[in-house]
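Read through the structure below, which is laid out as structure tokens, and then see the notes.
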Amino acid sequence: MSQLFPKSANRLPLQIVIYLFVLGGIASAGINYYATNKYSNVGYTPVQPVPFSHALHNGQLGIDCRYCHSFEEKSGFSNVPTSQTCMNCHSLIKTDSPLLAPVRASYASGDPVPWIQVHILPDYVYFNHSIHLARGISCVECHGQINRMEVVGQAKSLTMGFCLDCHRDPAAHIRPHDQITNLDWQRPTDPVEVKKIEGYVHDWNVKPPQSCSGCHR
Amino acid sequence: MSHGSDQAVAAPAILSEVKPAVLPRPALVANNRSFSWITEKICGIIEEKTPRWWWVCFGVACFVASFTVAGLTYLVSTGVGVWGHRNPVNWAWDIVNFVFWIGIGHAGTLISAILCLLRQKWRTSINRAAEAMTIFAVVCAAIFPVFHVGRIWFALMPGYLFPFPNANYIWPNFRSPLEWDVFAVSTYGTVSVLFWYVGLLPDLAILRDRFFAAGNKFRSALYGFFAMGWRGSNRHWSNYEMAYLVLAGISTPLVLSVHTIVSFDFAVSLIPGWHTTIFPPYFVAGAIFSGFGMVLTLMLPLRAIYKLEDLITQYHIDCMCKITLATGTMVGYAYSMEFFIAWYSANPNESFAFINRAFGHYAWAYWIMITCNVITPQFFWFKKIRHNTALVWILSIFVNVGMWFERFVIIVTSLARDFLPSSWGYYSPSIVEIFTFFGTFGVFSVLFLLFIRFLPIMPMAELKAVTPAADPHAAPDHH
Amino acid sequence: MPAEPYGLIATFETAADIYHAAEQVRDAGYKRWDCITPCPVHGLDKAMGVKRSIVPRISLAGGLTGFCTGMSMIWWMNSYDYPLTVGGKPLFSPMFAFPISYELTILFTAFATIGGMFIVNRLPMHYHAVLKYEHIRRGLDDRFFVVIEARDPKFNLAATRALLEQAGGLAVTELEA
Amino acid sequence: MSTPAATAPAALPLASSAPVTGKALSIGLAGLAVTAVGLLISSPSQVALSYLVGITYWTAIAIGTLLLILIHHITDASWSVVIRRQWEHWLASFKWLALLFLPLVLATLLYQKDVVWPWMNPAHVMHGHGTVETDILYQKKASFLNLPMFLGMTASFFAIWCWLSARLRQASFTQDTDGNPQWTQMNRKTSAFGIPLTALALSFAAIYWVKSLEYHWFSTMYGVWFFANCIRGALAVGVLIMLWLWKRGDYKGILNTNHLHSIGQLCFAFTVFWAYVTFSQYFLIWNANVPEETFWYNLRELNHDGSISQWKYVGFVILFGHFFVPFLYLLSYKHKVVHSKIKPIVIWILSIILIDLCYNILPALKDEHGDAQPFLSLNLLWVLSSVVGIGGICVWAYLKSFPTTKLIPIRDPRIEECITHHE
């Protein structure tokens with residue numbers, strides 16, 4: 001009905017199609033980004049019951065990760081230290097700091113300090129700490145530079161894509177065994193050294209699984 | 001006679017002997033109705049004031065649909081555990097209802113596409129409503145697979161079902177028949193909508209012009225927008241008809257493939273009673289059968305309410321009954337072939353599955369299925385029954401019931417008695433499942449009622465094309 | 001100077017009338033002209049001298065694209081980019097890739113067909129001179145029109161009008177552009 | 001009506017007879033004779049199975065023709081009326097086919113029980129399975145797979161087909177003289193019960209004659225597969241007859257492009273249908289990967305030592321030749337309506353149907369390792385001679401029936417619609 005539609009209406013459909021394409025593109029790109037852990041979990045930094053500083057203990061004082069998280073090399077799960085571990089030192093240092101009251105209370109009562117877990121993998125994912133450390137994958141690969149963090153937050157996305165990046169290319173992430181808890185360690189640039197490090201993949205028989213059942217058991 | 005042959009050859013002698021016996025074809029539009037009568041009749045349905053029965057039906061349909069909403073809300077807020085399927089029957093009502101609704105949908109495409117290809121002109125009276133039925137049935141069907149995952153936002157998120165780059169770095173597993181389903185059903189939905197829309201194009205143009213003439217500029221603009229400026233140009237018709245034919249041509253293998261792929265969900269597995277090579281055509285025949293059942297169930301009341309006897313004639317009903325009979329018999333053939341081969345295979349699991357269907361715990365369902373699907377359509381052998389509209393309507397409902405039970409029998413009986421006797425079980429639906437399924441009839445009705453209120457229920461242009469007035473060779477100067 | 005008309009429109013009562021009129025206009029050598037009919041009229045294409053539609057070729061191209069897309073997508077995703085062994089099946093086989101490639105063939109054919117039909121028909125075109133004709137509504141209802149455009153090289157207001165009237169056209173009217 | 005054509009003699013009472021009638025008979029007999037000579041050269045089993053291919057092939061075409069007529073009547077089709085008469089003539093071959101099936105029965109009864117079907121001989125040694133008698137799978141199926149059942153069923157299949165053919169032919173031929181629409185109505189009713197009867201008969205014929213050669217194997221789809229080949233064969237023969245009668249001049253002025261387009265579209269549609277059925281059967285067995293089903297295909301793909309069997313390549317020939325080639329070829333409108341274009345493809349289809357039947361039947365011949373005997377062997381000659389022999393007889397039966405009636409059913413109610421057939 002040309003009495004109804006003006007001449008300009010003839011251009012309208014093309015415009016609509018173009019807009020739909022643009023909007024559709026933006027929408028799918030947006031969903032792809034915002035609906036993932038990459039966006040929603042990175043930076044998750046809950047307030048803990050005790051303002052424990054990794055930057056101080058690990059970064060400044062140089063206490064090794066394994067002093068507190070003592071099972072991480074031997075067990076599938078890495079432990080959060082008991083208050084017993086804290087009290088090893090804090091029965092002597094800062095014994096009456098009000099900030100440490102929950103630790104002392106826990107030590108006295110036997111109930112654990114209610115730490116809030118930061119790095120959470122879904123229940124359907126099987127993740128074994130010890131095997132990763134045994135094959136030269138450092139803490140820093142998944143947890144980021146904990147040694148610089150006043151309060152621990154999630155640094156990496158821990159999505160499946162994140163896991164797969166490494167499982168598909170372990171050579172780019174592997175390091176000598178004696179450096180796994182050295183979070184400041186830099187990969188050497190010398191080609192001979194690099195070759196040696198990348199050779200660990202072969203030497204240690206590193207064959208990270210890429211099948212579904214590798215992680216979803 | 002000479003104008004018919006396109007080779008310029010003189011007619012041979014034998015043609016002078018041609019003297020056909022008189023056996024007139026039934027008119028597809030009765031009482032020799034004119035073009036404008038057809039326009040007035042179909043557009044009149046949309047233009048009249050909304051009748052009271054419509055509001056009553058709409059209210060009831062909304063009420064029924066609310067059961068689905070309630071069931072699904074409860075499911076999503078609580079978890080899939082509220083449905084009754086658990087070991088060993090892990091596929092139950094959700095898949096039964098999915099296959100049931102998808103099957104219903106098939107007649108729509110079938111009437112449109114296959115009958116179009118086979119030049120069965122009687123399709124014109126029923127194809128529009130049947131296509132609408134397809135689309136709404138696909139909507140109802142999609143509810144079940146989408147919601148059976150529980151956390152539906154995962155199903156709808158890109159990357160899980162559709163290949164779309166995502167943070168998980170994975171692609172769908174194309175070896176899974178369920179993934180084939182995703183493609184089949186979404187293609188089916190899309191193509192059905194497009195096919196329906198292309199058919200609507202000329203009719204929307206008529207509505208655009210009529211509403212404009214009646215001074216309703218808003219509705220005129222609305223219909224006009226979707227009519228895309230259709231102006232009945234013959235150069236357009238030429239491409240349009242070709243496009244329509246191609247769409248019919250691809251929709252036919254599409255319908256076949258969709259139910260074939262649905263049957264693959266079962267047939268590629270090893271479960272006795274599922275793994276049988278006749279499943280693809282058997283499912284397709286069953287789908288067409290149930291679809292025609294549903295078309296009859298819907299069209300007969302519509303015909304009575306809107307007095308469409310001139311457009312949906314007794315001949316149309318006869319045809320639909322006969323197709324129901326034919327497909328019902330094909331389904332019967334498949335049942336017996338399955339039973340026979342189960343015995344012939346000499347595979348004890350296979351034989352047991354079928355004996356169990358007929359005489360085990362679910363024998364009641366099996367015999368309902370046989371009664372409704374194989375015996376009911378046999379009544380359509382009789383002209384007397386085909387001419388009794390009320391009876392046809394009742395029988396068509398039996399067909400719908402029977403086809404639902406067919407899916408129930410296939411899915412539940414095979415799983416309830418799997419390979420491991422220690423895990424044998426008995427499945428009964430939970431109230432949430434019953435609510436959800438019951439409500440889909442409301443969802444379907446709501447959509448269908450909206451359709452008959454706002455869109456032409458029959459393709460006017462095509463109806464005109466099958467009347468004698470559209471034939472340039474049957475013009476007055478020839479008589 | 002009065003605006004050049006879009007063309008001439010003539011009304012016909014029956015399918016047979018427009019069929020014969022179309023033959024006459026075709027034989028008179030006009031190229032830019034059209035018939036407006038409420039439904040497709042069998043044989044009118046031939047009477048008008050319209051060639052067989054090219055839409056099926058577009059459809060075929062769409063279908064082939066769809067099939068290749070399906071096969072290559074599945075090969076790339078399941079066998080190349082993320083090889084994953086499932087159910088003892090090979091990483092890629094045309095067997096399991098077939099159902100989805102088949103569906104994509106049909107989907108792409110449908111898109112190509114409909115898109116092709118719209119493009120070949122130059123639709124959507126909501127504004128058109130013919131749609132401004134006051135009786136156009138009948139053209140979608142029960143009347144038939146012949147429209148001869150002024151752009152046609154053979155167009156001549158008087159001669160064309162005479163031709164239409166001689167072909168049996170009623171109410172021959174000028175259409176404003 | 002128009003003036004008679006200069007080429008056609010005026011007002012023929014009946015369709016003119018063809019001079020090649022006698023030639024067809026002699027060719028047929030010669031083919032049968034060559035097959036008989038084969039008995040002196042190859043083993044009886046090899047010749048008998050080759051002959052089975054031939055008889056199944058022509059029976060399939062006849063069944064397809066019968067089904068096309070039945071479907072024509074049930075759908076009240078008009079486009080195919082003029083061609084239907086020729087299909088009706090073709091049905092004359094059924095009684096000869098029944099007769100030609102006898103040699104296989106006689107060879108089994110009088111000569112050697114397992115000459116064709118291994119299960120007919122309880123002492124037949126199965127490769128690695130003991131004898132048929134001790135085979136548990138045979139024992140389970142013995143109430144179906146036994147000689148009396150086989151003979152009774154085969155006799156009743158031919159009885160059904162011959163009876164339906166006679167009914168259809170008689171009604172149609174009589175209508176030529178009295179012009180009574182009752183005959184059309186009668187054929188419609190015949191079709192209503194004829195279709196299910198024919199369908200059941202052809203399914204079980206496929207099971208008994210072909211599938212039971214490998215009686216361990218089972219597939220519910222088998223009857224449908226056979227049905228697809230039947231229809232494809234009949235359509236191809238139909239096209240050839242149309243072209244032949246056109247070339248001879250009989251059909252000039254009667255047939256138009258649209259008739260050929262319609263039958264061409266059906267050829268296309270059943271190409272797709274055949275592919276659908278065959279693919280589904282293969283696909284489901286491939287995907288489920290159960291040894292008790294896959295062995296049938298394995299036999300046609302690999303030898304016992306892992307080398308590739310010739311039959312695998314035959315399988316590919318079937319896949320491409322029976323589907324892709326006709327599918328792509330028949331997509332084009334021109335290829336369906338131009339006489340010189342549709343002719344090669346229907347001949348192609350007819351030959352591939354033969355190869356398809358070989359693929360299904362001949363691997364039943366095993367060598368000493370239990371592998372299928374290769375495709376390229378002397379057996380192929382006996383297949384060809386049987387096909388020519390039985391085909392000659394079928395063509396002769398058709399040509400003999402041809403002059404007994406009018407060329408086209410002149411009093412059929414749909415004849416005018418048919419002659420003016422447009423899309």
Side-chain angles (χ1 to χ4, degrees), chain B residues 34-36 39 163 169-177 179-180 183-184 187 190-191 194-195 198 202 205-206 209-210 213 224-225 228-243 246-247 250 253-254 257 261 264 461-462 464-465 469-478, chain C residues 14-19 34-45 47-48 50 52-53 55-56 59 63 73-74 77-78 81-82 84 86-87 89 96-97 99-100 102-104 106-107 109-111 113-114 116-118 120-121 123-128 130-131 136-137 139-142:
Chain B
S34 69
F35 279 13
S36 61
T39 316
Y169 277 24
I170 51 161
W171 302 110
N173 171 21
F174 292 105
R175 276 152 286 197
S176 161
E179 181 64 18
W180 308 338
F183 274 82
T187 300
T190 314
V191 175
L194 292 175
F195 191 40
V198 169
I206 298 181
D209 294 355
R210 285 176 69 95
F225 177 78
M228 298 278 175
W230 184 261
R231 54 180 190 271
S233 151
N234 192 58
R235 288 176 196 276
H236 288 177
W237 278 121
S238 169
N239 292 319
Y240 173 90
E241 277 204 293
M242 193 55 88
V246 171
L247 282 177
I250 57 169
L254 175 64
S257 75
I261 287 172
F264 283 168
E462 286 182 49
K464 289 170 189 171
D471 183 2
H473 307 305
D477 60 337
H478 282 239
Chain C
T14 66
D17 290 349
I18 197 164
Y19 183 87
D34 211 342
C35 294
I36 306 288
T37 58
C39 64
V41 174
H42 272 304
L44 193 56
D45 286 356
M48 280 179 71
V50 175
R52 213 178 149 80
S53 168
V55 167
S59 314
M73 173 183 83
I74 293 171
M77 289 178 182
N78 272 187
D81 186 52
Y82 191 115
L84 186 61
V86 178
K89 301 270 182 295
F96 68 72
I100 285 176
Y102 182 89
E103 295 303 327
L104 287 179
I106 289 182
L107 188 67
T109 312
F111 287 149
T113 308
I114 293 172
M117 189 267 283
F118 276 125
V120 172
N121 281 348
L123 289 178
M125 191 179 284
H126 288 93
Y127 173 90
H128 192 272
V130 167
L131 289 176
I136 188 68
R137 187 154 75 84
L140 296 174
D141 184 357
D142 62 347

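Naming convention: chains lettered A, B, ... in sequence-line order (proteins, then strands); numbering from 1 in each chain.
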If you measure only the distance, is there a donor-acceptor pair under 3.5 Å linking the side chains of C:D45 and B:N234?
-> yes

All heavy atoms of B:A461 vs all of C:C39, minimum pair found to be O-CB, 3.1 Å

Test side chain to side chain contact (heavy atoms under 4.5 Å, CB included), reference C:P40, set B:K464, B:H236, B:E241, output is B:E241

If one checks every heavy atom of B:A469 against chain C at 4.5 Å, the contacting part turns out to be backbone

The side chain to side chain donor-acceptor pair (under 3.5 Å) partners of C:T109 (sequence neighbours excluded) come to none

Shortest non-hydrogen pair, C:L140 vs B:R231, comes out as CD2-C, 4.0 Å

Looking only at C:L104, C:I74, C:I18, C:V41, the option with the highest number of non-hydrogen pairs under 4.5 Å against chain B is C:I74

Taking every heavy atom of C:H126 against every heavy atom of B:M228, the minimum-distance pair comes out as NE2-CA, 3.6 Å

Scored by heavy-atom pairs under 4.5 Å with chain B, the best of C:A110, C:P99, C:P56 is C:P99

- prompt: Can you find a heavy atom in the side chain of B:N173 that is under 4.5 Å from one in the side chain of C:L84?
  reply: no

The reported gap from CD1 in C:I106 to CZ in B:F183 (rounded to nearest 0.5 angstrom) is 13.5 Å

Tightest non-hydrogen contact, residues B:S257 and C:E103, listed as OG-OE2, 2.7 Å

- Are B:V246 and C:M117 close enough that some pair of their side-chain heavy atoms sits under 4.5 Å apart? no

Correct closest heavy-atom pair for C:S53 and B:N239 would be OG-OD1, 2.7 Å

Scanning both residues in full, the closest heavy-atom pair of C:D142 with B:S36 reads OD2-CB, 3.5 Å

Counting heavy-atom pairs under 4.5 Å with chain C, the top scorer among B:F264, B:F225, B:F174, B:F35 is B:F174

Q) Sub-3.5 Å donor-acceptor pair from the side chain of B:W237 to the main-chain atoms of C:T37, do we have one? A) yes

Turns out that what part of B:L194 lies under 4.5 Å from chain C's heavy atoms comes down to both

Cut-off 4.5 Å, heavy atoms of chain C, and the answer for B:E462 is neither

Here the gap from B:Y240 atom OH to C:L123 atom CG, rounded to the nearest 0.5 Å, amounts to 11.5 Å

Cut-off 4.5 Å, heavy atoms of chain C, and the answer for B:S238 is both

>> side chain to side chain contact (heavy atoms under 4.5 Å, CB included) for B:E179 and C:I100? Distances and angles first, verdict last.
In response: CA-CA 8 Å; B:E179 181 64 18; C:I100 285 176; 4.0 Å; yes

Q) Do C:D141 and B:I206 come within less than 4.5 Å of each other through their side chains, counting heavy atoms only? A) no

Bottom line for C:V50: the part with an atom under 4.5 Å from chain B's heavy atoms is side chain

d(B:I250 CD1, C:L107 CG) to nearest 0.5 Å is 8.5 Å

Check your understanding: Side chains of C:D81 and B:W171: is there a donor and an acceptor less than 3.5 Å apart?
Key -> yes

Counting N and O atoms only, with roles assigned by atom type, does the side chain of C:Y102 sit under 3.5 Å from a partner on the main chain of B:P253, one being a donor and the other an acceptor? yes

Okay, C:M48 and chain B: the region with an atom under 4.5 Å from a heavy atom over there is side chain

